[in-house]
Q: 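Before anything else, here's the structure in question.
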Amino acid sequence: MGNTNPPASPGNSCISKASDYIESSCSIDGNATKPRSAYDQRQRQLADQLQRPLTREERQEVSKSLCELRNIDSMQDERLLAAEKICANRSASCKSFLVASAYTPNYDEGVVCSAVNQEWCQHHGYIYLEIVPSISEMNLCITPRTFSGWYKIHLLMRLVDEQMDLKGDGVEYVVWIDADALIISRNVCLESLVQLAEYRELIISEDKRCLVNTGVMLLRVCEWTQNFLREVWEERRYFKVAQFEQSAFESVLKRRYEGLHLLEPYHWLKGGPEIKQFAHTCVLAAHMLNSNVSDDDVFESNGLRGKAEMSAKFIFHPYGRKQKMKLLIGMVMSRGVKAVGILGEEDFPFDGGQKALLAYVKARRTTEEAEKTACDFAEC
């Protein structure tokens, strides 16, 4: 694996030295198994190098760096086991991924996207879970939070906990897809994404304005993910303040010293890496996982490095945009994607336009199977 040590804070040479020294010294002796003695040893060596006593901030940096190195080391075996199980499951047609999405009954975009995403999951052999709660049920689950985006955190906590309780017999990753996010590439598989991310605990894409966008994400079923989601859920500062659960994600990642906020440049369009690896998090450029740029869009990147925004390669998610249904239908037709109905699989009726498309996929809403799924998972 590549270097996943927390980046040093730019602009502070002493802190930078502390982080760099921890990295180099640990790579020499590889001994970080005795936290206290390792801490004392690194502290003394760094003080000798600087020829002065360490400041409180520098001592904290030494402690954080050692702690993170131990955490990374302890996760290696878990990740290797996850990788082996996913490879074995793939060859044995077993399930390693559970893909979940939720939307309220009045949300037509959710109907269309769910039909497409379900067909993709069936094609790859993934478990697909569609949850259709009423608005009142959703609000009840997230109170005192007010933004519907918090509902995904509620569901993800429940799903990860349930898979953890299966003690090795559950899936390896729980995957979240927002209701207005549409899978447009039938050939992309989740196995390739987790391999690209080196089996990190959280795989997510960057946002245009924020560090991450929670519309699409892969979460490895493990204790780290359980604790992370609980911390996000309890981040009271963003219960009623934008960007709500997305800001809570960033706050907890910063508190856990993942280091996203220290990477400069960060965003791909501004010269940042296309794939950003951190201790437990992998952040992909938007076009690789979760992009709101359609095939019909022509965007410029303000001349930065001469880059222009790329259209979605895997999932098209028109977040922050108007006329979402029009954009989604455009991508359905542009990419020739397929959908699934309860009675069987077939191509979307393109010739009938948007009304025919909605009539086709809305029929799924009336089936007993869809109603049972909604009832089973809408309860808090």
Side-chain angles (χ1 to χ4, degrees), residues 97-104 107 109-110 113-114 117 129 131 133 138 141-142 145-160 173-183 190 193-194 197 200-221 224-256 258-261 266-268 275-276 278 280-293 312 314-321 324:
F97 299 92
L98 187 159
V99 180
S101 187
Y103 55 92
T104 52
Y107 195 59
E109 289 85 348
C113 292
S114 186
N117 299 343
L129 179 63
I131 304 145
M138 181 180 291
C141 289
I142 65 174
R145 303 156 191 83
T146 56
F147 181 63
S148 60
W150 280 106
Y151 188 66
K152 78 179 74 170
I153 310 301
H154 164 77
L155 289 177
L156 285 170
M157 287 193 302
R158 176 175 174 179
L159 291 173
V160 170
Y173 279 85
V174 171
V175 182
W176 177 263
I177 302 182
D178 268 5
D180 57 344
L182 180 79
I183 297 174
L190 297 176
L193 285 176
V194 297
R200 290 295 196 280
E201 286 64 51
L202 172 63
I203 305 170
I204 198 167
S205 70
E206 63 184 41
D207 186 83
K208 290 183 177 179
R209 296 182 179 181
C210 305
L211 296 178
V212 297
N213 185 292
T214 60
V216 179
M217 49 188 165
L218 292 76
L219 300 108
R220 191 160 71 81
V221 176
W224 185 92
T225 302
Q226 278 186 311
N227 295 334
F228 173 77
L229 289 173
R230 289 192 186 105
E231 286 187 45
V232 170
W233 181 250
E234 296 298 333
E235 197 72 3
R236 300 185 63 86
R237 178 180 177 184
Y238 299 107
F239 279 9
K240 302 178 182 180
V241 177
Q243 299 292 326
F244 308 101
E245 89 292 347
Q246 193 159 285
S247 294
F249 254 64
E250 294 187 8
S251 177
V252 175
L253 287 171
K254 182 177 181 180
R255 187 165 63 241
R256 283 174 162 258
E258 285 293 295
L260 280 68
H261 64 293
Y266 176 85
H267 290 89
W268 179 73
I275 303 171
K276 293 171 274 289
F278 303 94
H280 304 278
T281 307
C282 177
V283 182
L284 303 176
H287 62 268
M288 299 178 69
L289 179 64
N290 173 28
S291 172
N292 68 352
V293 183
F314 177 33
I315 297 178
F316 174 62
H317 181 201
Y319 59 87
R321 302 192 61 178
K324 288 187 177 184

Q: How far apart are the closest heavy atoms of V194 and F97, and which atoms are they?
A: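 Heavy-atom minimum between the residues: CG1-CE2, 4.0 Å.
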Q: Is any side-chain heavy atom of E206 closer than 4.5 Å to one of K276?
A: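 Of all side-chain heavy-atom pairs linking E206 with K276, at least one is under 4.5 Å.
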Q: Locate the shortest heavy-atom distance separating V221 from V160; write the atom from each residue and the value.
A: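 Smallest interatomic distance, heavy atoms only, reads CG1-O, 4.1 Å.
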Q: For K254 and L260, run side-chain contact (heavy atoms from CB on, under 4.5 Å): C-alpha distance rounded to whole Å, both residues' side-chain angles, the deciding distance at 0.1 Å, then the answer.
A: CA-CA 7 Å; K254 182 177 181 180; L260 280 68; over 6 Å; no
Q: Once the angle between the rings of W233 and W150 is folded into 0 to 90°, is it parallel (under 30°), tilted (30 to 60°) or perpendicular (over 60°)?
A: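 Aromatic pair W233/W150 classed perpendicular.
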Q: Rounded to the nearest 0.5 Å, what separation is found between the CG atom of L284 and the OG atom of S205?
A: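 The distance works out to 7.0 Å.
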Q: Rounded to the nearest 0.5 Å, how far does CZ of F314 lie from CG of L182?
A: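 Here the rounded value is 10.5 Å.
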Q: Can you tell me how far CD1 of I177 sits from CG of L218, rounded to the nearest 0.5 angstrom?
A: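 Result: 8.5 Å between the selected atoms.
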Q: Kindly indicate whether the side chain of F228, heavy atoms from C-beta on, has any atom under 4.5 Å from the side chain of H280.
A: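 Sidechains of H280 and F228: no contact.
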Q: Distance-only, no hydrogens or angles: does the R321 side chain make a donor-acceptor pair with backbone N or O of P318 under 3.5 Å?
A: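 Looks like no, no N/O pair under 3.5 Å.
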Q: Is R200 close enough and on-axis enough to W224, meaning under 6.0 Å and within 45°, for cation-pi?
A: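 Because its charged atom misses either the 6.0 Å distance or the 45° angle limit, R200 does not stack over W224.
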Q: Taking atom CD1 of I153 and atom CD of E235, what is their separation to the nearest 0.5 Å?
A: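 Interatomic distance, I153 CD1 to E235 CD, rounded to 0.5 Å: 11.5 Å.
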Q: Do L129 and L159 come close enough that some side-chain heavy atom pair is under 4.5 Å?
A: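 Of all side-chain heavy-atom pairs linking L159 with L129, at least one is under 4.5 Å.
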Q: Are the charged groups of R255 and E231 less than 4.0 angstrom apart, N to O?
A: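 A salt bridge links R255 with E231.
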Q: How far apart are the closest heavy atoms of A102 and A179, and which atoms are they?
A: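 Here A102 and A179 meet closest at O-CB, 3.3 Å.
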Q: Any side-chain to backbone donor/acceptor pair from H267 onto R209? Under 3.5 Å, distance only.
A: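 Not a single qualifying donor-acceptor pair exists.
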Q: Got a donor-acceptor contact below 3.5 angstrom from the N117 side chain to the A181 backbone?
A: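 Yes: the side chain of N117 pairs with the backbone of A181.
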Q: Taking the side chain as every heavy atom from C-beta outward, state whether V232 and M157 have any pair of such atoms under 4.5 Å apart.
A: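 Heavy-atom side-chain distance check fails, nothing below 4.5 Å.
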Q: Test side-chain contact (heavy atoms from CB on, under 4.5 Å) on I131 and M138; report intermediate values, then the result.
A: CA-CA 11 Å; I131 304 145; M138 181 180 291; over 6 Å; no
Q: For the CG atom of L193 and the CG atom of L289, what is their distance to the nearest 0.5 Å?
A: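 Between atom CG of L193 and atom CG of L289 there are 6.0 Å.
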Q: Donor-acceptor pair, E201 side chain versus T225 backbone, under 3.5 Å?
A: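 Side chain of E201 to backbone of T225: no pair is present.
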Q: Counting C-beta onward and ignoring hydrogens, is there a side-chain heavy-atom pair between M288 and W268 closer than 4.5 Å?
A: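 Answer no - side chains too far apart.
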Q: Are V99 and L190 packed together at the side-chain level, in the sense that at least one heavy-atom pair is separated by less than 4.5 angstrom?
A: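 SC-SC contact between V99 and L190 confirmed.
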Q: Give the minimum heavy-atom separation between W176 and G215, together with the two atoms involved.
A: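 The answer is CD1-O, 3.5 Å.
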Q: I'd like to check K152 versus D178 (side-chain heavy atoms, cut-off strictly below 4.5 Å). Are they in contact?
A: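 Counting from C-beta outward, K152 and D178 do come under 4.5 Å.
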Q: Do K324 and Y107 pass the side-chain contact (heavy atoms from CB on, under 4.5 Å) test, and can you show the C-alpha distance, the side-chain angles, and the key distance before you say yes or no?
A: CA-CA 11 Å; K324 288 187 177 184; Y107 195 59; 4.1 Å; yes
Q: Could you walk me through whether N213 and N292 pass side-chain contact (heavy atoms from CB on, under 4.5 Å), step by step?
A: CA-CA 11 Å; N213 185 292; N292 68 352; over 6 Å; no
Q: So does L211 get a backbone contact from the side chain of E250, meaning a donor-acceptor N/O pair under 3.5 Å?
A: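 Answer holds: yes.
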Q: Would you say that D207 contacts V212 through its side chain, given a criterion of any heavy-atom pair below 4.5 Å between the two side chains?
A: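 Contact flag for D207/V212 side chains = no.
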Q: Which pair of non-hydrogen atoms, one from G259 and one from F278, has the smallest distance, and what is that distance?
A: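 It is O-CE2, 3.6 Å.
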Q: Of all the heavy-atom pairs spanning Y103 and G110, show the shortest one and how long it is.
A: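 That would be CE2-O, 3.5 Å.
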Q: Measuring from N290:CG to I203:CD1, what's the distance to the nearest 0.5 Å?
A: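 Going from CG on N290 over to CD1 on I203, the span is 13.5 Å.
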